Chemist: 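Please read through the structure below; I'll follow up with questions.
Hydrogens, waters and symmetry mates play no part in the numbers below; they use all other heavy atoms, side chains included. From a predicted model like this one, the values you see are computed outputs, not experimental measurements.
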Amino acid sequence: MSRDHAQSAETPFLELLARGASADAYEQPVLLARAEGGPAVRTDALERAKHLALRVRSELEGRRRREAELSALFETAHDLAGLRDLDAVLRAIVQRARSLLGTDVTYLSLNDPDRGDTYMRVTEGSVAARFQQLRLGMGEGLGGLVAQTARPYVTDDYFKDARFQHTGTIDAGVRDEGLVAILGVPLMLGHHVIGVLFAADRRARVFEREQIALLGSFAALAAAAIDTANLLAETRAALAGLERANEIIRDRSGVIERASDVHDRLAELVLRGGGVHDVAAAVSQVLDGTVEFTEATAAPEYALEASRADGHVVRHKDDWIAAVAAGDELFGALVLRGHPGLDPVDQLTLERAAMVTSLLLLARRSAAEAEQRVRGELLDDLLDARDRDPRLLDDRARRLHADLSAAHVVLAARLDATEADADQEADARRRLWAAASHLAATRHGLAAARDGGTVLLLPLTDSDSATGLARRTARHLGRAVHEAVTVGASAPVRDLAARPEAVAAAYTEAGRCLDALRLLGRGGDGAAAEDFGFLGLLLAGDQNVPGFVERTIGQVVAYDERRGTELVRTLDAYFACGMSPARTKEALHVHVNTVAQRLERVGRLLGDDWQSPDRALEIQLALRLHRLSAPTRP
């Protein structure tokens, strides 16, 4: 297929992408081409362009959805940081949850300890007055099941679900609203459920794991908003009592100013994309101490688990520990060093900082996982889809800060040992892929899981070699996964967008190197094709004769083809004459100076050590293979 056909086939789909057309619209250019009876090559080109455009559209929609979710979470966090009206924040939460989950109704119920029941606090999308005014006994309905277990619950068909207690009052309200599928997640303060956040549809629906997690994030923010509002109310009450003592008033005012300052700083950090260490630095200034983020393994275990369990800071000797966690996942801790005394507002400041840190880490991880998937998809396309448009491959690579025109090395990495348990082995492979993806991202390369291991495409600098890169990669991945990792590397390849088939060939070569390492008992090491020479042909399961010849004497062959010289013939004669220039000039019927000049040129092309015993043996084998593979002249 010509480039012009490809470009003309892509044009209508690019226009559809540009205006955000529906998926059905992408069938029109193909149907129109078939109706017009155009050539089959154009119809085939349109089909391929359509599938590619639909993939791009799906990826763009996924990114827009993830961006919208993160934006909504950050906006809600900002609302919480500047909390003034609790009802407004809760309304914003249910509105954003309904918009992002695409449900008919969202609503939030709160427990009333004084009356011993629960009531509707905020609804969005509800049309039934009786449903909006429901007051339910504790433990009744799906919400009661969520409150009892402190876990999310989802039902595809409310009236057919017998896992929870149905009552006439609840069922009547749900029937008035016409609800069928309902998802409920708990609002938690420490170990206590204070309410439930719901998302519901008036038709049968299966809620996906990501949607459950998203609603859980909104529930955490809603609980934090309620907790913050309660604390602010308590602070106002305390201030009203402190009006009788001017000195205490000034002291409490200073404390509140610090709390307000840290809220403002944290909100600003979230909005401008600050990192974990920026949060620690901001809180350090407000608390007049040293606040550090530490990994979970570096924090005191008892204090960290206690803070994680009740959601508050815990004192450990002269330090204060605030767990940084999201759901069941523990990221680490914020540690305030050398501060034995800490008033409640400062404790709250440290707790809020830990919550903001967990949100930042969740957002950053989501973005990193998305980028890892995109990098893996691009490498998969380079390995498998060799008819890709070079310009499209280049554009995708540039968005990932990768330069496909530069010299790269393909590396095949695999764990040296296999686990007896299948789950343990799968977990080890996932850790290897995660470590390889992180390495590829930091080196402006690509990584993908393949053949029970991982394949990487990493750029090669002028001062580096494929062997050195393979060994460093083996050491780096081994340290990351705490297991021996064996890495085989290909020879350098270039212009990958224009020559995607070179990536698949290089991966095959890297796999042979990996197999050779393991056969030689060098598991956990790294090596490149150039390290094995002709031994690689003997050890590999599928001999790559052209690759060996190209690596060994390819530059000499290419020089002859470009210049019309006879360096290859001279080398043949030189070795046949026992590496004697005098006998070589007799065999070639040329002057001895001509032989010397040709051998000097060979040295510049192959390196000064080309006559060493190991190199000479490889060169003679390559010459013999080159001669055998050359077409017979008539």
Side-chain angles (χ1 to χ4, degrees), residues 368 371-372 374-376 378-379 381-383 390 393-414 432-448 450 453-480 485-514 516-517 522 524-533 536 547-548 550-552 554-555 558 604-610 615:
E371 181 177 341
Q372 288 174 0
V374 173
R375 288 181 183 274
L378 176 55
L379 183 52
D381 285 347
L382 287 170
L383 287 167
L393 292 173
D394 262 333
D395 289 342
R396 291 169 62 188
R398 277 196 296 270
R399 286 195 292 271
L400 296 170
H401 306 292
D403 181 9
L404 295 183
S405 65
H408 283 73
V409 171
V410 177
L411 303 108
R414 195 169 300 166
L432 175 61
W433 177 81
S437 298
H438 178 72
L439 176 62
T442 58
R443 287 289 308 275
H444 304 299
L446 305 173
R450 182 163 290 238
T454 300
V455 55
L456 298 96
L457 181 68
L458 298 180
L460 188 68
T461 62
D462 294 337
S463 60
D464 205 354
S465 67
T467 299
L469 184 58
R471 289 174 177 169
R472 289 197 305 276
T473 302
R475 290 195 299 268
H476 177 91
L477 296 180
R479 287 194 300 267
V485 177
T486 307
V487 176
S490 72
V493 288
R494 293 175 173 82
D495 299 324
L496 302 182
R499 300 169 51 244
E501 70 280 357
V503 181
Y507 175 56
T508 301
E509 184 178 67
R512 292 193 187 100
C513 290
L514 189 150
L517 282 170
R522 290 174 56 188
D525 198 358
E530 61 192 23
D531 298 321
F532 296 103
F548 171 72
E550 171 64 25
R551 288 195 305 274
T552 307
Q555 295 190 55
R604 286 200 293 270
L605 292 172
L606 299 184
D608 294 337
D609 65 338
W610 71 276
R615 290 290 307 281

Chemist: Over all heavy atoms of both residues, which pair between Arg494 and Ser405 is shortest? Give the atoms and the distance, please.
Modeler: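 Looking at all heavy atoms of both residues, the closest pair is CB-O, 4.3 Å.
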Chemist: Asp462: what forms a salt bridge (Lys or Arg N to Asp or Glu O under 4.0 Å) with it, not counting sequence neighbours?
Modeler: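 None.
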Chemist: Looking only at heavy atoms, which two atoms of His444 and Pro459 are closest? And how far apart?
Modeler: O-CD, 4.0 Å
Chemist: I'd like to know if the side chain of Arg615 and the backbone of Gly607 have a donor-acceptor N/O pair within less than 3.5 Å.
Modeler: no
Chemist: For the atom pair CZ (Arg475) and CG (Asp525), what is the distance rounded to the nearest 0.5 Å?
Modeler: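 The distance works out to 8.5 Å.
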Chemist: Minimum heavy-atom separation for Ser490 to Ala510, with atom names?
Modeler: N-CB, 3.8 Å
Chemist: Report the residues that fulfil side-chain contact (heavy atoms from CB on, under 4.5 Å) with Ala413, sequence neighbours left out, ordered by chain and then residue number.
Modeler: Leu456, Leu477, Val485, Val487
Chemist: Got a sec, which residues hit salt bridge (Lys or Arg N to Asp or Glu O under 4.0 Å) with Arg472, two or more places apart in sequence or on another chain?
Modeler: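 Salt bridge (Lys or Arg N to Asp or Glu O under 4.0 Å) list for Arg472, sorted by chain: Asp464.
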Chemist: If the condition is salt bridge (Lys or Arg N to Asp or Glu O under 4.0 Å), which residues does Arg450 pass it with, not counting sequence neighbours?
Modeler: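 Asp380, Asp384.
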Chemist: Sequence neighbours left out, what passes salt bridge (Lys or Arg N to Asp or Glu O under 4.0 Å) with Arg443? Give chain and number order.
Modeler: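 None.
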Chemist: Is the CG atom of Asp609 crowded by more than 12 outside heavy atoms at less than 6.0 Å?
Modeler: yes
Chemist: So which atom in Val410 and which in Val455 form the shortest heavy-atom distance, rounded to 0.1 Å?
Modeler: CG1-CG2, 3.8 Å
Chemist: Sequence neighbours left out, what passes side chain to side chain donor-acceptor pair (under 3.5 Å) with Thr473? Give chain and number order.
Modeler: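 In terms of side chain to side chain donor-acceptor pair (under 3.5 Å), with neighbours along the sequence ignored, Thr473 is linked to no residue.
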Chemist: Grab the two heavy atoms, one from Ala435 and one from Ala480, that are nearest each other, plus how far apart they are.
Modeler: CB-CB, 3.6 Å
Chemist: Looking at OG1 of Thr454 and CG of Leu411, how far apart are the two atoms once the value is rounded to the nearest 0.5 Å?
Modeler: 11.0 Å
Chemist: Looking at every heavy atom in both Val409 and Ala489, which two are closest together, and how far apart are they?
Modeler: CG1-CB, 3.7 Å
Chemist: Do the non-hydrogen side-chain atoms of His408 and Leu446 ever get within less than 4.5 Å of each other?
Modeler: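 In short, these two side chains do not touch, never coming nearer than 4.5 Å.
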